[in-house]
Protein chains: 2
Amino acid sequence: MEYVVSDRVKNLKPSAIREIFKYAADPSVVSLSAGNPAPEAFPCEAIAEISANILKTDPVAALQYSVTEGYPPLRRAVWERMNSKYSIGGENDDIIITSGAQQVMDLYTKTTCNEGDTVICEAPSFIGSLNTFRSYNCRLCGIPLESDGMNLAALEKALQTEKNVRFIYIIANFQNPSGVTTSLEKRRAIYNLAKQYNVMILEDDPYGELRISGESLPPIKSLDTDGIVVYSGSFSKVLSPGMRLGYVIAPKPVVSKMVVCKQGEDVHTNSWAQMVAHRFMTEYDFEAHLEGLREIYSKKANYCMELLDKYLVPAGISYDRIEGGLFIWCRLPENSKISMSEFCKQAVLNKVCVVPGNAFLTDEAQQCSSFRINFSTPTDEQLEKGIKILGKLASEVL
Amino acid sequence: MEYVVSDRVKNLKPSAIREIFKYAADPSVVSLSAGNPAPEAFPCEAIAEISANILKTDPVAALQYSVTEGYPPLRRAVWERMNSKYSIGGENDDIIITSGAQQVMDLYTKTTCNEGDTVICEAPSFIGSLNTFRSYNCRLCGIPLESDGMNLAALEKALQTEKNVRFIYIIANFQNPSGVTTSLEKRRAIYNLAKQYNVMILEDDPYGELRISGESLPPIKSLDTDGIVVYSGSFSKVLSPGMRLGYVIAPKPVVSKMVVCKQGEDVHTNSWAQMVAHRFMTEYDFEAHLEGLREIYSKKANYCMELLDKYLVPAGISYDRIEGGLFIWCRLPENSKISMSEFCKQAVLNKVCVVPGNAFLTDEAQQCSSFRINFSTPTDEQLEKGIKILGKLASEVL
């Protein structure tokens, strides 16, 4: 049997990161390639306590069908927090609880893009989202990312010349993979350009709560007086990724179409997870929990940067210091004797996994001299061991 | 702002059933319109016990990111059971755990259908799936359903004349909404026609375990020596719909494309739910649990049919006895003075909700003289009250 494959999916490949995970599964390999929260960041006891309570007092609600928009108390709790804390969500907006933030990317693309329409994104950008856009046969247009956000001239040119641009995809806080935080000036400028060219913004903010230094910047959605920003939030980095909980706050006409599509995709998000998240947000000290996470990640990030300074920088590999998130973007020197992808391959042979930077480009065949390091998943020991090996390798081959 | 809506989603409407739920939310209204499992069918204590155990001994596995294909022990347990019990799944097949069976409909359509391609389905059929097919701009071709399955002549004609037919969608056991079970002869005939015309079959089997009378029939997938059947199973009716667990067993090339799409849709299915389902299947007496469910639904179905015989049949409304599932399909008499949709409206005014049959057609504007009754959600008292009211109304207005 020759299986018919739709045009949109024909050229879709499994994420390059997944392929790397195969090596990373070898226990003798130090994996700096994942993006998992640190296991110690999960409030396991609180979740067990809440879960036991729900399954004792209200099991049917946790196990029965629920509404597509999400568990109403959780929708309210998230809305109120995002509204009071970040000025996100106005009277023309609404909220849906989704099965992880990945589903926001999927539902929004599905409802707004025809095949062949263009999505503007940062280059590099999060491969999971790029693959979602690709899975609807969208054309990707990457805008070079600078240390304070997208290159504005390139963005404006793309808005002028690209056809059927539907939205600008941006991770403004501690971007994955680059670690870059878009400055307030650039947030404003990107918003104004989107407005001027009548294009929406999809703001993906999974790491916003994980700031470890510098001043908190307003999300682009908080500037949204024109109803042009779709804001995607996630519980994956602040509670648990295994629970698959995300949310979208967006203009009502956008939300209502996304709800109809969500009905056809998975009916609704796991009820138990929604109830647990609601109680954790409202009956426990959620803000103190977030503060605890920032402490965990601050320690890990600073330790990782210390190790980079000690082992990689002397060997010619550079990086920009991060203010939050889970990733650091490392660059090979310009006069490097071997290519980045060759360096990553050699690293695997030396039992360390990192992600080659071209995996995050709109065109993976493009040249790229960077690779991504994650510091949240490995232990301190693994981090030190892995970066030491990378440093030794770099001093030998670069 | 004028929001751009993709062509595929432009004409998509929220499910008609959802609209009816708005009336059903009024506590004074008896709802026979839902499709929820009976609350007493949930093994709440076992789930609480398993959940507590997992969150105590292995919380990180339940809360951390997991693989897209699904929790390996659950994949194995489902595979082995379906293989040994129903001869489903051969060496060229593979399995994915999905976020409910609805996601199987979505992923399979996404991977195989271009916009404008045709899906052949039973008429009537499950509205949730029809809306998923519509959400990829598929053309729906409905084949009249007889008491033993699709009309074969109409099916063959469709296969001969329709363009770009990608698959035949069928619920062979206790179909939603009609209650019809496709006979073994027709299962074979449909399989052979699909093979002859080089078209796949998407077999949706959420109710297969809920047989209350008659002999169990082999799933079409068990006849699949040619690798042309995609089998969709669900935990929603046998464990809990709120957990959002389904699975697909299909040829490997189909599964691998569905995995890539699932990555972009929700990364993976809730880890906790997968672990709970696995332990429930392997450490508890799953078969005894299913036997208990059949007892619950047998009682409810038989009671419902008694009430229909007593109150609706004398008023001229007919129905076919069911052998399982959760739904009964009632027909107004041919010489009825009012239309089915008018009857359903009057029923709501009299505080009883049923689903008008045209909601399940490929073209909702078509004439239809049937409505759907659900007996699993209401209590016996609600069932009696509701059907009594329908009978009184029928005797007055038909």
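Chain naming here is simple, since letters A, B, ... match the order of the sequence lines and numbering starts at 1 in each.
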Distance check, rounded to the nearest 0.5 Å: [X] atom [atom1] versus [Y] atom [atom2]?
X        : Y        : atom1 : atom2 : answer
B:Arg8   : A:Lys110 : CZ    : NZ    : 7.0 Å
A:Arg244 : B:Ser271 : CZ    : OG    : 8.0 Å
B:Asp106 : A:Lys262 : CG    : NZ    : 11.0 Å
B:His268 : A:Gln102 : NE2   : CD    : 10.5 Å
A:Ser240 : B:Tyr65  : OG    : OH    : 9.5 Å

Please classify the contact between [X] and chain B as side chain, backbone, both or neither, with a heavy-atom cut-off of under 4.5 Å.
X        : answer
A:Asn114 : both
A:Asn137 : neither
A:Thr109 : backbone
A:Ala52  : neither
A:Glu115 : both
A:Thr269 : backbone
A:Ser66  : neither

Query raised in the report: Think A:Lys252 forms a cation-pi with B:Tyr3, using NZ or CZ under 6.0 Å from the six-ring centre and within 45 degrees of its axis?
Result: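 The answer is no; the distance or angle limit is not met.
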Side-chain donor or acceptor of [X] paired with backbone N/O of [Y] under 3.5 Å:
X        : Y        : value
A:Arg166 : B:Ser6   : no
B:Gln64  : A:Pro37  : yes
B:Asn270 : A:Met243 : yes
A:Lys257 : B:Lys10  : yes
A:Thr112 : B:Val5   : no

Using side chain to side chain contact (heavy atoms under 4.5 Å, CB included), reason through B:Glu265 and A:Glu265 one step at a time and then give a plain yes or no.
CA-CA 9 Å; B:Glu265 270 192 17; A:Glu265 270 192 17; 3.8 Å; yes
* Asked: For A:Glu45, does the CD atom sit with more than 12 other heavy atoms under 6.0 Å from it, leaving out its own atoms?
  ->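 No, because the 6.0 Å sphere around CD of A:Glu45 holds 12 heavy atoms or fewer from other groups.
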Could you check which of B:Ala273, B:Ser135, B:Pro59, B:Pro39 has the highest count of heavy-atom pairs closer than 4.5 Å to chain A?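 Looking at each of B:Ala273, B:Ser135, B:Pro59, B:Pro39 in turn, B:Ser135 comes out on top.
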Worksheet item: Who among A:Pro241, A:Ala62, A:Cys113, A:Pro251 has the most heavy-atom pairs with chain B under 4.5 Å?
Response: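 Looking at each option in turn, the highest pair count goes to A:Pro241.
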When A:Ile47, A:Val254, A:Val104, A:Asp226 are compared by non-hydrogen pairs under 4.5 Å with chain B, the top option
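Going by pairs under 4.5 Å, I would pick A:Ile47.
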Practice item. Show your working on side chain to side chain contact (heavy atoms under 4.5 Å, CB included) between A:Leu63 and B:Cys44 and close with a plain yes or no. Key: CA-CA 8 Å; A:Leu63 301 175; B:Cys44 298; 4.0 Å; yes
- Task: Measure distances from B:Asn198 to the heavy atoms of chain A and classify the residue's part below 4.5 Å as side chain, backbone, both or neither.
- Result: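 Backbone plus side chain of B:Asn198, per the 4.5 Å heavy-atom cut-off to chain A.
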Worksheet item: Which atom pair, heavy atoms only, marks the closest approach of B:Ser99 to A:Asp266?
Response: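 Taking every non-hydrogen atom into account, O-CB, 3.6 Å.
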- Indicate the atoms forming the closest heavy-atom contact of B:Phe42 with A:Val60, along with that distance.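 Of all heavy-atom pairs spanning B:Phe42 and A:Val60, the closest is CE1-CG1, 4.1 Å.
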